[in-house]
Amino acid sequence: MTARISYADVEVGTELPAGNFSVTRATLVQYAGASGDFNPIHWNEKFAVEVGLPDVIAHGMFTMAEAVRVVTDWVGDPGAVVEYGVRFTKPVVVPNDDKGALIEVSGKVAALLDDNCVRVDLTAVSGGEKVLGMSRAVVRLA
């Protein structure tokens, strides 16, 4: 695959299509099985509350992965992401109901770089709070 977005077609300020990603307790169980991260803060409400959390929380790496989907969906090639990093600022709290939590992600091109690369800055919000800080991806475009 190659990126479907051309470097010539973007400029600083270009907004990526936003994404909304739901996460339920079932999603957390599936992720725990795939990742091998069975920390009880991600599935045991009693334990999570005992250690000072408001409820069960999503895995940080899961949240990070959901956020970068805005970039990979936009560019059309996950391999075009050459660098990605975030700071975890708040947890994604996942209630034990049929709705779960929603992670709302937006992004925009923040810098044009060499070699057809751009830096995309992402904003990820859940429950009205920013859950990732300094969320940035460097992407090589066509």
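These numbers were taken from a predicted model, which means no experiment stands behind them.
Counting only heavy atoms from C-beta outward, the side chains of Asn44 and Phe38 never approach each other to under 4.5 Å.
Atom-to-atom distance recorded for Leu16:CG and Ile5:CD1 is 8.0 Å, nearest 0.5 angstrom.
With sequence neighbours left out, Tyr31 forms a ring-ring contact (aromatic ring centres under 6.0 Å, His included) with His59, Phe62. Partners of Asn39 under the side-chain hydrogen bond (donor to acceptor under 3.5 Å, both in side chains) rule, at least two apart in sequence or in another chain, do not exist in this structure. Scored by the side chain to side chain contact (heavy atoms under 4.5 Å, CB included) test, Pro78 finds Met1, Thr72 as partners (sequence neighbours excluded). For Arg4, there are no salt bridge (Lys or Arg N to Asp or Glu O under 4.0 Å) partners two or more places apart in sequence or in a different chain. By the side-chain hydrogen bond (donor to acceptor under 3.5 Å, both in side chains) test, Glu50 pairs with Lys46, sequence neighbours left out. The side chain to side chain contact (heavy atoms under 4.5 Å, CB included) test applied to Val56 returns Arg25, Leu28, Glu45, not counting sequence neighbours. A search for side-chain hydrogen bond (donor to acceptor under 3.5 Å, both in side chains) contacts involving Thr123 returns nothing, not counting sequence neighbours.
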- Query: Under the side chain to side chain contact (heavy atoms under 4.5 Å, CB included) criterion, do Val10 and Leu112 qualify, and how do the steps go?
  - Reply: CA-CA 9 Å; Val10 299; Leu112 302 177; 4.2 Å; yes
- Audit row: Leu132, Leu122, side chain to side chain contact (heavy atoms under 4.5 Å, CB included) steps and yes/no: CA-CA 8 Å; Leu132 298 176; Leu122 298 168; over 6 Å; no
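Val109 and Tyr7 end up in the same hydrophobic cluster when Ile, Leu, Val, Met, Phe, Trp and Tyr side chains are linked at under 4.5 Å. Under the 4.5 Å side-chain heavy-atom criterion for Ile, Leu, Val, Met, Phe, Trp and Tyr, Val131 and Met61 are members of the same hydrophobic cluster. No chain of hydrophobic side-chain contacts below 4.5 Å, direct or via other Ile, Leu, Val, Met, Phe, Trp or Tyr residues, connects Val125 to Val92. Under the 4.5 Å side-chain heavy-atom criterion for Ile, Leu, Val, Met, Phe, Trp and Tyr, Val81 and Val120 are members of the same hydrophobic cluster.
Nearest heavy atom pair, residue Thr63 against residue Ala58, reads OG1-CB, 3.9 Å. Across all non-hydrogen atoms, the minimal contact from Asn116 to Ala142 is ND2-O, 3.4 Å. Ser135 approaches Val86 most closely through the heavy-atom pair OG-CG1, 3.3 Å. Considering all non-hydrogen atoms of both residues, Pro17 and Val70 come closest at O-CG1, 3.4 Å. The nearest pair of heavy atoms linking Val105 to Ala124 is CG2-CB, 4.2 Å. Nearest heavy atom pair, residue Val118 against residue Leu141, reads CG1-CD1, 3.8 Å.
A donor-acceptor contact shorter than 3.5 Å links the side chain of Thr89 to the backbone of Lys130. At least one donor-acceptor pair closer than 3.5 Å links the side chain of Ser126 to the backbone N or O of Leu102.
Other residues sharing the hydrophobic cluster of Val51, ordered by chain and number and joined by side-chain separations under 4.5 Å: Ile41, Phe47, Leu53, Ile57, Val93.
Residues in residues 72-89 take part in no salt bridge (Lys or Arg N to Asp or Glu O under 4.0 Å) pair, two or more places apart or across chains. Note on residues 28-39: no pairs pass salt bridge (Lys or Arg N to Asp or Glu O under 4.0 Å), not counting sequence neighbours. Here salt bridge (Lys or Arg N to Asp or Glu O under 4.0 Å) pairs that include residues 95-120, with residues two or more places apart or in two chains, are Arg119-Asp121. Screening residues 69-118 for ring-ring contact (aromatic ring centres under 6.0 Å, His included) gives no qualifying pairs among residues at least two apart or on separate chains.
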